[in-house]
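Structure first, commentary second.
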Amino acid sequence: SNAPHLILSSYIDLNRPFQAIEILHKMRDVGISPPLLSLNRLLESLVSQRRYKDALDLFSEIQNWGGVSLDKFTYNKAVQSAVKLGDLEMAVRLKNSMEGNRMKPDSFTYSVLMSGFCKERRLDDARKLFDEMPEKRVARNQVAYNTMIDGLCKAGDLEGAFSVREQMLEAGVKPNLVTYNTVIGGLCRAGRVEEAKVVLEEMKEQGLAPDGYTCSILFDGYSRLGDSDALVGFFEETME
RNA sequence: GCUUACUUCACCAU
């Protein structure tokens, strides 16, 4: 029967993950084990409500049950929670235990970790993971590249960011809207707004339409420069 | 199989 799953899912859909956890415990007490999908959805719900500690607690509880084999998604939610709590060493341990359990970390695992390291200004560690991906035969996707490019931009290493974008092109991974916004943002932050506009044009040539992010990034770029004329000019251009 | 990650600013933290 999938009644356990339906019950838990309903609570999760109502944004009541803590009640779902109580019910989960009652189910366990009477020998009912909901499917892994329910548990994964519960973890995801906790994470989306920023209850990272609770997510990790639930993760280790499930781990201790035995008999339930966790999957990549389950581990990824634990890695993500540890990263959000700023406990990167734990996040890495979780990634390693994933490998120890014959599960291959995927691009999600890597991107979440890389983004955590970048935010902690540990670019070298992020880069190590980025380099590790091909070694471990994990395909780098757009998010993985975007994460690394953003980290480098924010660290002020624009040349490094450009070279990763080159790698991306060489690997045949198509830059997307986020890639462009990230590069445009990096240039704006460095005060190189004219170059950012060149990239904007390039983006349009690729058939990508600028979105709300693109506009605020450029507006912020101009206001950072204190160039009111250019800002007004850009505004009017945009309004056409 | 299904469900998760990346980009602006502010806030918060620092």
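When the nucleotides B:rC9, B:rU7, B:rU4 are ranked by their closest atom to the side chain of A:T182, B:rU7 comes out on top. Distance from the side chain of A:V112 is smallest for B:rA5 among the nucleotides B:rU8, B:rU3, B:rA5. Candidate nucleotides B:rU4, B:rU3, B:rC9 were compared by shortest atom distance to the side chain of A:N40, and B:rU3 ranks first. Distance from the side chain of A:K77 is smallest to B:rU4 among B:rU8, B:rC6, B:rU4. Side-chain proximity of A:S216 to B:rA5, B:rU8, B:rU7: nearest is B:rU8. The side chain of A:V178 lies closest to B:rU7, out of B:rU8, B:rU3, B:rU7. Across B:rC9, B:rU3, B:rA5, the shortest atom-to-atom separation from the side chain of A:R41 is found for B:rU3.
Separating the CG atom of A:L39 from the P atom of B:rU4 is a distance of 17 Å, rounded to the nearest angstrom. The distance between atom CG of A:D106 and atom C1' of B:rU3, rounded to the nearest whole Å, is 13 Å. A:R165 places its CZ atom 15 Å from the C1' atom of B:rU7, with the value rounded to the nearest Å. One can place NE2 of A:H5 at 12 Å from P of B:rU3, the figure rounded to the nearest angstrom. Straight-line distance from the CD atom of A:E44 to the P atom of B:rU3: 9 Å, rounded to whole Å. Atom P of nucleotide B:rU7 and atom CG of A:L187 are separated by 17 Å, given to the nearest angstrom. A straight line from OH of A:Y180 to C1' of B:rU7 spans 14 Å, rounded to a whole angstrom. Between the C1' atom of B:rU7 and the CE atom of A:M148 lies a distance of 15 Å, rounded to the nearest Å.
For A:Y11 and A:F18, the ring centers are positioned 6.0 Å apart or more.
Remark: the A:E132 side chain and the A:Y110 side chain contain an N/O donor-acceptor pair separated by less than 3.5 Å. Judged purely by distance below 3.5 Å, without hydrogens or angles, the side chains of A:D150 and A:T147 never pair a donor atom with an acceptor atom.
Backbone-only contact: A:D150 has heavy atoms under 4.0 Å from sugar-phosphate atoms and none from a base. The residue A:K72 sits apart from the nucleic acid: no heavy atom pair falls under 4.0 Å. A:S107 comes within 4.0 angstrom of a base, heavy atoms only. Counting any heavy atom pair closer than 4.0 Å across all strands shown, A:S111 reaches a base atom.
Dashed line: the shortest gap from a side-chain N or O of A:K119 to OP1 or OP2 of B:rU14 is not under 4.0 Å.
Between the A:N101 side chain and the A:S97 main chain, a donor and an acceptor come within less than 3.5 Å of each other.
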| task | I would like to know whether A:E61 and A:R28 meet salt bridge (Lys or Arg N to Asp or Glu O under 4.0 Å); could you show each step before the answer? | result | CA-CA 12 Å; A:E61 189 189 332; A:R28 295 277 310 169; over 6 Å; no

| task | Decide side-chain contact (heavy atoms from CB on, under 4.5 Å) for A:E201 and A:V198; before the verdict, give the C-alpha distance in whole Å, the side-chain angles of both, and the deciding distance to 0.1 Å. | result | CA-CA 5 Å; A:E201 289 313 312; A:V198 175; 5.7 Å; no

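Stacking between A:F108 and the base of B:rU4 is present: ring centres sit under 5.5 Å apart and the planes differ by under 30 degrees. Under the stacking criterion of a centre-to-centre distance below 5.5 angstrom and an interplanar angle below 30°, A:Y213 is not stacked against the six-membered ring of B:rU8.
The base of B:rA5 sits within donor-acceptor range of the side chain of A:N141, with an N or O pair under 3.5 Å.
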